[in-house]
Trainee: 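Structure provided below as structure tokens; questions to follow.
So you know, we letter chains A, B, ... as the sequences are listed, proteins then strands, and number each from 1.
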Protein chains: 2
Amino acid sequence: MQRRQTRQRQIIRDELIAHPTHPTADELYMRVKAKLPRVSLGTVYRNLELLVEEGAARRIVVEDGPKRYDGNTEPHHHVQCVRCGATADVMGDATHSRTGSLPIREGWDIQAVSVLYKGLCPTCRAETG
Amino acid sequence: MQRRQTRQRQIIRDELIAHPTHPTADELYMRVKAKLPRVSLGTVYRNLELLVEEGAARRIVVEDGPKRYDGNTEPHHHVQCVRCGATADVMGDATHSRTGSLPIREGWDIQAVSVLYKGLCPTCRAETG
DNA sequence: TCCTTAACGATAACGGTTACTATTAAATGG
DNA sequence: CCATTTAATAGTAACCGTTATCGTTAAGGA
């Protein structure tokens, strides 16, 4: 017996995939709680890390603030609003997937790249003019 | 009278520039304390943010862990070790400075990009094989 | 030199995350 | 189908990086 399939873990994974908004652990906790009122915040944290570990989710690299998770494991990059912190996916082929080929830095063994575009989201853009 | 030039602020800026290792506030605090034993950790935090605000330093985007600061304000990117968290600059012209031109995402006003390469630093590479 | 107040040192508070522990409930095997 | 084992949970305390508070110090102009 190694890893058990619990109702909590299933719902956490499902909600993460159903809402590709790169939620924080706490945001996801609130969603999960709507379906499983007695769930614990610690359970959400624990399972998010388990999902990342087994490759079913990713931790995305963002500026500041709490950790954000992504149920979309396809390689892609992100935009983050410098005002409200909201994130979105970057579409198209603008992704720089030439890792490993370029000698990014002498002596380093490069495994991945993450690109974060920073700016104003449509909402904040409208509010600040 | 608006902004005073304190001994603490000078030393903090000098140490940040003298050691381009992208230190955390705490790492820098220890360096500064060697030259100014009575300095407070809060002073280091406060001045780092002031330096970022006035454009004399940058907060770099890294995976996880405490915030890291960079006294080099020239646009450049970073590599971070997934094992020990150490960071280094990415040299050469591999920088993607074509922001603003590309419509990264509909409706967003993009202001900057940060690229983080992830992998093993030479030391960790040697230790893990 | 005096005065104003930005900035400091010390420390408490805060928020996100992790660790701990008694309890619950998946999975296995009789 | 029930008993047994133990992974995982709920609840909560602890942790740690960071920020806020506040009385005191000292930068810099008058």
Trainee: Find the distance B/R46:CZ to D/dG17:C1' and express it as a whole number of Å.
Mentor: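 Going from B/R46 (CZ) to D/dG17 (C1'), I get 16 Å.
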
Trainee: Please state whether the base of D/dT9 and the side chain of A/R38 form at least one donor-acceptor pair under 3.5 Å?
Mentor: no

Trainee: What's the spacing between B/T24 OG1 and B/K67 NZ if we round to 0.5 Å?
Mentor: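 Spacing of OG1 (B/T24) from NZ (B/K67) equals 12.0 Å.
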
Trainee: Looking only at side-chain atoms of A/R4, point me to the closest of C/dA27, D/dT9, C/dT4.
Mentor: C/dA27

Trainee: Could you please name the option among D/dG17, C/dG9, D/dT9 that lies closest to any side-chain atom of B/V39?
Mentor: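 Looking only at side-chain atoms, B/V39 lies closest to C/dG9.
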
Trainee: For A/Q10 and C/dA26, give me the distance from atom CD to atom P, rounded to whole Å.
Mentor: 9 Å

Trainee: For B/D26 and for B/R3, find the nucleotide of DNA chain D with the closest heavy atom, then tell me which residue's nucleotide is more 5'.
Mentor: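 Looking at DNA chain D, the more 5' nearest nucleotide goes with B/D26.
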
Trainee: Tell me whether A/V52 is reachable from A/L50 by hopping between hydrophobic residues (I, L, V, M, F, W, Y) whose side-chain heavy atoms are closer than 4.5 Å.
Mentor: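 A/L50 and A/V52: separate clusters.
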
Trainee: Indicate yes or no for a side-chain donor-acceptor contact from B/R9 to the backbone of B/R4 under 3.5 Å, with no hydrogens or angles considered.
Mentor: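 Flag set: sc B/R9 to bb B/R4 pair under 3.5 Å.
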
Trainee: Measure from the side-chain N and O atoms of B/R68 to the backbone N and O of B/P23, and report whether any donor-acceptor pair falls under 3.5 Å.
Mentor: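 Not at all, since once roles are kept as given, no pair shorter than 3.5 Å links the two residues.
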
Trainee: In whole angstrom, give the distance that lies between atom CG of B/L41 and atom P of C/dA12.
Mentor: 15 Å

Trainee: Can you check whether B/Q8 has a side-chain N or O nearer than 4.0 Å to OP1 or OP2 of C/dG9?
Mentor: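 For C/dG9, OP1 or OP2 has a side-chain N or O of B/Q8 closer than 4.0 Å.
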
Trainee: With respect to A/D70, which candidate in A/R59, A/H78, A/R58 satisfies the side-chain hydrogen bond (donor to acceptor under 3.5 Å, both in side chains) definition?
Mentor: A/H78

Trainee: For C/dG15, does OP1 or OP2 lie under 4.0 Å from any side-chain N or O of A/K67?
Mentor: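 Looking at the OP1 and OP2 atoms of C/dG15, neither is under 4.0 Å from any side-chain N or O of A/K67.
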
Trainee: In whole angstrom, give the distance that lies between atom OH of B/Y45 and atom P of D/dG17.
Mentor: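 About 7 Å, once rounded to whole Å.
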
Trainee: Mapping A/P37 and B/T24 to their closest nucleotides on DNA chain D, which lands nearer the 5' end?
Mentor: A/P37

Trainee: Rounded to the nearest angstrom, tell me the gap between atom CG in A/L48 and atom C1' in D/dA8.
Mentor: 15 Å

Trainee: Tell me which nucleotide among C/dT18, D/dA8, C/dA7 gets nearest to the side chain of A/T6.
Mentor: D/dA8

Trainee: In whole angstroms, how far is the C1' atom of C/dA7 from the CD1 atom of B/I12?
Mentor: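 It works out to 11 Å between those atoms.
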
Trainee: Rounded to whole angstrom units, what separation is found between the CD atom of B/Q5 and the C1' atom of D/dA26?
Mentor: 14 Å

Trainee: Report which part of the nucleic acid A/N47 touches: base, sugar-phosphate, or nothing (heavy-atom distance under 4.0 Å, all strands).
Mentor: sugar-phosphate

Trainee: Expressed in angstrom and rounded to an integer, what is the separation of A/Y29 atom OH from C/dG15 atom P?
Mentor: 16 Å

